[in-house]
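See below for the structure under consideration.
Note on naming: letters A, B, ... go to the chains in the order of the sequence lines (proteins, then strands), and numbering restarts at 1 for each one. These numbers come from the heavy atoms of this one structure, side chains and all, not from hydrogens, waters or symmetry mates.
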Amino acid sequence: MSEFVQFLMSGLTVGAVYALVALGFTLVYNASDVVNFAQGEFVMLGGMVTVFASAAGVPLPLAALIAVGVSIVVGLLLYWCAIAPARGASAVTLIIITIGASILLRGAAQIVFDKHFHKLPSFSGDAPINLLGAAVQPQSFWVLGGTAVIVLLLYLFLERTLLGKAVLATAANRLAAQLVGISTATVMALAFGGSAAIGAVAGILVTPITLTSYDVGTLLALKGFAAAMLGGMGNPLGAVAGGLLLGLLESFGAGYISSTYKDAFAFLVILGVLFAAPQGLFGRRAVNRV
Amino acid sequence: MTILSVKDISIAFGGVKAIDGVSFAVAPGQIFSIIGPNGAGKTTLFNVISGIYAASHGRVELDGHDVTAMTPDALAARGLSRTFQNLQIFQRMTAAENVMVGRHLQERCNLFADLLRLPSVTRQNRATREAALSFLDQVGLGDSADVPAGSLSYGACKRLEIARALAAGPRVLLLDEPAAGCNAVETAEIDRLIVRVAAQGIGVVLVEHDMKLVMKISNRILVLERGRTLIEGTPREVRNNPAVLEAYLGKHGAQEAARA
Amino acid sequence: MRSLSRRSKTLIALAVVIAVLPLTFPSSYYLRVAALVWVSAFAAIGLNILMGKAGQVSLGHAGFFGIGAYAVAIGPTHLGLPSVAAIFIGTLLSALLAYLVGRPILRLKGHYLAIATLGLGVLIALVITTESRWTGGPDGMPVAKLTVFGWRASGSDVWYWLTGTMLLAGAWVALNLDDTPTGRAFRALHDSEVAARVAGVDVNRFKLQAFVIAAVYASLAGSALALMNGFVNPDQAGFLHSVELVTMVVLGGLGSVVSSIVGAAVLIMLPQMLTVFQEYENFLLGLIIIVSMIFMREGIVPMAWKLMTRRRA
């Protein structure tokens, strides 16, 4: 039983990170139809910048804030320098551009930081908490709690504020949104900046558990994408559900089936979803006009 | 004798019935036109018949055989060809190559022979190209054979699509607004072309907005409104039908037309 | 005398370049780099058939490259097979995998297809990295030299000519395809899938053919590289390599054999020229991808062609 709870908790924890990455994907995808591969790099930046800033003497909370700020700036630059100039390019071209961006960011991180693994201190100490016989790290609760807060804030923003509605409107029909006076540039900035911030926070929350290094971004992006697909591309609630589900799948799969192939589960999920139900768990089947 | 028979076709998109119980029959050599106001479902009907959409109800028969659930390429093999309202030519291939693709089913296509460009392939290419050139001549594009299709004029592209459709040797040809966007001279050419095609024994189903063209060359006309058949008959029957006038011009407009 | 077709002219020009180039090389190091370019160009030509001609996308193509590479490593070492047989088996495996997985994958379009192929490539690389008993794991494994009828293929000059000939053969086959029913079917389904269908083209069958052809090219290239280097590692099947291959094809200019060769040359030679900046490899690759996709969307060769023809006018 304790083993089950162990897997459950670690699955939910890593699933929360996937959920946040997937949420970032969804935000950008909804606003711009772009699948942003660099999403994983925001998580990397969150962790790495915090580590290096605090190593330089900056107090930890401030370092975290700086990390989120840097990530937001990078997200905005990504949109302005790489995505906006490629307006009208095909979906595949845009994906390749974001892949290029993620490689560039990884290369930059390699140069600016280093190639080693780095850790952040846990927020509330390392003494494991006993939960139904399983030893759970307190940081796990920070991750889960932080994710819940972000999801709630995002929901409130999108559903309850005018600016949030503007984002949803642009996602539904960009031209119509422009015609009623919604500034696409603002919406894009919000979407890219927002997803960058979400990614950075995820990185800061999870680095005490999983460590961070210059190249954690790629695998996270792929898994976050798998989660977004599982939940239904473009559906924020689906992204969260997909992320948690994927985390659990990975954790239980690694625990009960094969731990060496832990990473494979995400890709099997991608392929499975794409073949069987491309609209994911919560998506709607699209009808195309010929 | 019927070459194409459409029986009680219906299709719905997310709760909206785009086509509701439409039926008609076309004989070889006949020119059968489908007209109707915008949004009536004409192109949707074509898409169902040509296998691009799957009907939710009804039957399509080609020469007596049930072809309702067939894919477009299977239908092509059985003798059904079509053109598109929003041009679907192969932009980056030359005009001749476009029509050569139309001959695809008449060619022997073996991957290894093609990878090695065996002499049999070269011989076949020559034959296919000759056939393509003759179809281009038929539609008046003989001089543009080696021009990239993307750089041809709009009217020329429309005729190119017809040439490509004819190259497949169809028994039924669906033409989706072949004269759209064409000037009077081009429309007259298309008019003559369609009559020539029908004279070869091909059953032509035509969707058009150009009333003069439709009334002039059609043997029978079906008027579609909001996915349903309003009336089917000869051009004269349709032209003077008050319900047709009302569908196109509205109640007020129809009254005006009646007074005119 | 009938003038030579464009096909023949391209092949002759390529043969001349391959034959004459070594005369300009000051050392055997350049022979090695050139051989590397020939191998990558070979893989790029195959991928170009899939992406440039048939209009599909594969972000996992290095997976097939890896299968070919590891086949010639595992075959002789673990199964006692001669290298030539291993090349053949690797190619067969890649073709089979491409055929089986291609059927469902190619029903997808746009970014769904991109991600699915990406997932496939990553899975292949994952298996290679994990099954260390067979593959030597993340550190890779050595590859026995190619021996044919007692003659051992080693040395930069030998491999230069072997890979050059390979490239010529691959280019010949790819150029052959264009003016054939298969080639026309590829280009037709690229320009308008629905119109191709309506003309009688079995679109699914041809997409699958393009996918398998591209996989075979990649597998052969992988085998060649492994035999040349005497070593394989999982990075050759990895995501980054897949991205490099796609970049070569797109950078050069989707759609022609020459473009693929140019793209491969640029992408291989650039980091070689900047060996000082080894650390900057990732950064530069990312930059190249972004810049070329934004500003040179059609590719170097078509752009250069346009510039040259415009100046003449």
Side-chain angles (χ1 to χ4, degrees), chain B residues 46-47 50-52 71-84 86-94 96-118 120-122 124-126 128-129 132 149-150 161 164-165 167-170 174, chain C residues 2 5-8 11 45-46 49 52-55 95 99 107 169-214 216-217 253-256 298 302:
Chain B
F46 262 23
N47 285 341
S50 59
I52 294 172
T71 58
D73 44 290
L75 282 168
R78 284 194 173 265
L80 187 128
S81 269
R82 71 167 286 182
T83 64
F84 292 89
N86 55 340
L87 279 182
Q88 295 281 348
I89 54 166
F90 307 127
Q91 302 271 350
R92 293 176 304 167
M93 298 170 80
T94 65
E97 287 178 320
N98 264 265
V99 182
M100 284 169 83
V101 175
R103 296 289 294 170
H104 182 82
L105 289 168
Q106 266 78 342
E107 289 179 312
R108 274 230 309 269
C109 189
N110 178 302
L111 179 61
F112 287 104
D114 286 348
L115 286 171
L116 299 172
R117 196 105 186 272
L118 297 177
S120 61
V121 175
T122 317
Q124 187 179 250
N125 270 346
R126 260 201 298 270
T128 306
R129 189 180 152 86
E161 271 212 11
R164 184 179 68 195
L174 307 178
Chain C
R2 260 185 84 231
S5 67
R6 195 145 157 245
R7 230 173 82 240
S8 311
L11 283 168
I45 288 177
I49 292 177
K53 301 279 177 215
Y99 185 79
R107 279 194 268 124
W172 176 69
V173 168
L175 285 167
N176 278 348
L177 258 188
D178 266 352
D179 193 13
T180 64
T182 304
R184 280 191 291 273
F186 286 170
R187 287 185 290 146
L189 73 89
H190 185 181
D191 278 351
S192 168
E193 212 178 285
V194 68
R197 259 187 231 260
V198 153
V201 173
D202 184 350
V203 163
N204 293 334
R205 166 178 156 215
F206 285 103
K207 281 186 186 176
L208 191 60
Q209 279 181 357
F211 195 64
V212 171
I213 293 173
V216 166
Y217 266 86
L254 276 175
S256 87
E298 283 172 57

What part of Q124(B) is in contact with chain C, defined as an atom under 4.5 angstrom from a non-hydrogen atom: side chain, backbone, both or neither? side chain
Using side-chain heavy atoms (C-beta onward) and a distance below 4.5 Å, is R197(C) in contact with T71(B)? no
Within-4.5 Å side-chain heavy-atom neighbours: V101(B) and M93(B): yes
Residue, of E97(B), H104(B), R164(B), R103(B), that accumulates the most heavy atom pairs under 4.5 Å with chain C: H104(B)
Which residues satisfy the ring-ring contact (aromatic ring centres under 6.0 Å, His included) test with Y217(C), sequence neighbours excluded? F42(C)
Please test F90(B) against R187(C) for side chain to side chain contact (heavy atoms under 4.5 Å, CB included), starting from the C-alpha separation and ending with a verdict. CA-CA 8 Å; F90(B) 307 127; R187(C) 287 185 290 146; over 6 Å; no
Part of L175(C) within contact of chain B (heavy atom distance under 4.5 Å): neither
Within the 4.5 Å heavy-atom criterion, are R205(C) and L111(B) side-chain neighbours or not? no
T83(B) side chain near L174(B) side chain, heavy-atom distance below 4.5 Å: no
Checking heavy atoms, do the side chain of R108(B), its backbone, both or neither come under 4.5 Å from chain C? backbone
Using non-hydrogen atoms only, which part of A196(C) is less than 4.5 Å away from chain B: side chain, backbone, both, or neither? both
So which of T182(C), D202(C), V203(C) has the largest heavy-atom pair count under 4.5 angstrom toward chain B? T182(C)
Checked A185(C), A188(C), G183(C), A174(C) vs chain B; the most non-hydrogen pairs under 4.5 Å come from A188(C)
Please determine, among L189(C), V173(C), D179(C), the option with the most heavy-atom pairs under 4.5 Å with chain B. D179(C)
